[in-house]
Amino acid sequence: MSRSTLPMFFRAAALAVAASMATAAWADDDDDASDLRDGQWVQWIYSIPASVSPFTDITGQNCMVGQSGSTWYLAPRSGGGTASRSCTIPQGVKLQFAVAGSLYIYAPGFCGDVAGVSDHELRAIIAAVTDKVKVNVTLNGERVKATRLRSKVFATALPADNLFAPLCGASPVPAGIYRTVDDTYYAEIDNLRPGVHTLQMVATNGTTFNQNLVYTLNVVPRLRP
């Protein structure tokens, strides 16, 4: 087995805030934490074709791809490094986002994965990666809490044009449904007022991975009926 610890800092992959916003520190029975443990953020990011992925996007031009409903997702920066993204979002949505961590999309027979690897072994592989990660998230200069969440085992649907293509060379992972586990730091921001806000996600494992990602969030007032 090789490749698939697709770390969210991602080779494989927040703090008391002002009155204009709110944050969440999830309890085990919290509905938002439950959604993330069920893999909803992972399923969002990996279902999007690589050609328009918010994960590899430099400028933020793809930040609205795949968004709907009252919860919108943001992505960290594939491979880490420094990047600035601009994103327009509607007033009233909740933002949930991965900061850094690791996941394993298990595709036996492809990209170096072998058959017969247990869920316990997959979890151990990604935990060893995430154990080394330190994160810091700020919104308008105020710290935001990031919570480490270990997922249930869930299914991830990959399109043909998926994010593994540049990693797997001659043995790409084809479109399909794959068993997945996730061990990642997540954060949430709710009730952002209209206007411009600055979100910064910093993460490091102390050696090979460093991320400094800045989002400029333009919150647009909701339309009045």
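If you're wondering where the values come from, they're calculated on a predicted model, not measured in any experiment.
Ring orientation note: the planes of Trp44 and Tyr73 are tilted relative to one another, at an angle of 30° to 60°.
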Side chain to side chain contact (heavy atoms under 4.5 Å, CB included), that's the test. Do Arg148 and Asp131 meet it? Break it down for me.
CA-CA 10 Å; Arg148 183 175 178 177; Asp131 284 346; 2.9 Å; yes
Test Val137 against Phe97 for side chain to side chain contact (heavy atoms under 4.5 Å, CB included), laying out the working first.
CA-CA 11 Å; Val137 182; Phe97 49 95; 4.0 Å; yes
Any chance you could lay out the salt bridge (charged side-chain N to carboxylate O under 4.0 Å, His left out) test for Asp119 and Lys152, step after step, and finish with the verdict?
CA-CA 10 Å; Asp119 296 339; Lys152 304 173 184 177; over 6 Å; no
Evaluation steps, side chain to side chain contact (heavy atoms under 4.5 Å, CB included), between Trp41 and Thr184:
CA-CA 11 Å; Trp41 185 91; Thr184 293; over 6 Å; no
Verdict with reasoning, Leu103 to Tyr46, per side chain to side chain contact (heavy atoms under 4.5 Å, CB included)
CA-CA 11 Å; Leu103 60 85; Tyr46 282 94; 3.6 Å; yes
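Between Gly80 and Phe209 the shortest heavy-atom distance is CA-CE1, 3.3 Å. Here the shortest heavy-atom pairing between Val133 and Ala100 reads CG1-CB, 3.9 Å. Of all the heavy atoms in Cys168 and Val173, the pair that sits closest is SG-CG2, 4.2 Å. Of all heavy-atom pairs between Cys63 and Ser86, the closest is SG-O, 4.3 Å. Counting all heavy atoms, side chain and backbone alike, Glu121 lies closest to Gly116 at OE1-O, 4.1 Å. Closest heavy-atom contact between Leu163 and Ile45: CD1-O, 4.2 Å.
You'll find the side chain of Met64 reaches within 4.5 Å of the side chain of Trp72, heavy atoms only. By the 4.5 Å heavy-atom criterion applied to side chains, Val219 and Arg193 are not counted as neighbours.
Between the side chain of Ser78 and the backbone N or O of Thr56, no donor-acceptor pair lies under 3.5 Å. Judged by distance alone, with hydrogens and angles left aside, the side-chain atoms of Arg123 form a donor-acceptor pair with the main-chain N or O of Ser151 at under 3.5 Å. Looking only at distances, a side-chain donor or acceptor of Tyr106 sits under 3.5 Å from a matching main-chain atom of Val114. At least one donor-acceptor pair closer than 3.5 Å links the side chain of Asn162 to the backbone N or O of Phe164. The closest donor-acceptor contact from the side chain of Ser171 to the backbone of Cys111 lies under 3.5 Å. When atom types are taken as modelled, the side chain of Ser102 and the backbone of Val129 share no donor-acceptor pair closer than 3.5 angstrom. Gln91 places a side-chain N or O within donor-acceptor distance of the main-chain N or O of Arg222, the cut-off being under 3.5 Å. With hydrogens and angles disregarded, a donor-acceptor distance shorter than 3.5 Å links the side chain of Asp113 to the backbone of Ala107. One N or O on the side chain of Arg85 and one on the backbone of Asp57 form a donor-acceptor pair closer than 3.5 Å.
Each of Tyr215 and Val220 belongs to its own hydrophobic cluster when Ile, Leu, Val, Met, Phe, Trp and Tyr are linked at side-chain heavy-atom distances under 4.5 angstrom. Hydrophobic clustering keeps Ile177 apart from Ile48 (ILVMFWY residues linked when any side-chain heavy atoms are closer than 4.5 Å, directly or through intermediates). Residues Val214 and Val99 do not share a hydrophobic cluster, clusters being chains of Ile/Leu/Val/Met/Phe/Trp/Tyr side chains in contact below 4.5 Å. Hydrophobic clustering, with ILVMFWY side chains joined whenever heavy atoms are under 4.5 angstrom apart, keeps Val202 apart from Tyr185. Note on Ile58: it does not cluster hydrophobically with Met201, by side-chain heavy-atom contacts below 4.5 Å among ILVMFWY residues.
Put simply, CD on Gln43 and CG on Asp182 are 10.5 Å apart, with the number rounded to the nearest 0.5 Å. The CG atom of Leu36 sits 6.0 Å away from atom CG of Leu149, with the distance rounded to the nearest 0.5 Å. Here Leu158 contributes atom CG and Ile105 contributes atom CD1; the two are 5.0 Å apart, rounded to the nearest 0.5 Å. Of the inter-residue distances, the one linking Arg77 atom CZ with Thr82 atom OG1 reads 10.0 Å to the nearest 0.5 angstrom. Note that the NE2 atom of His197 and the OG1 atom of Thr216 stand 11.5 Å from one another [nearest 0.5 Å]. For the atom pair CG of Asp35 and OH of Tyr186, the computed distance is 11.5 Å after rounding to the nearest 0.5 Å.
Of the listed residues (Leu192, Val196, Asn140), just one forms a side-chain contact (heavy atoms from CB on, under 4.5 Å) with Leu217, and that residue is Leu192.
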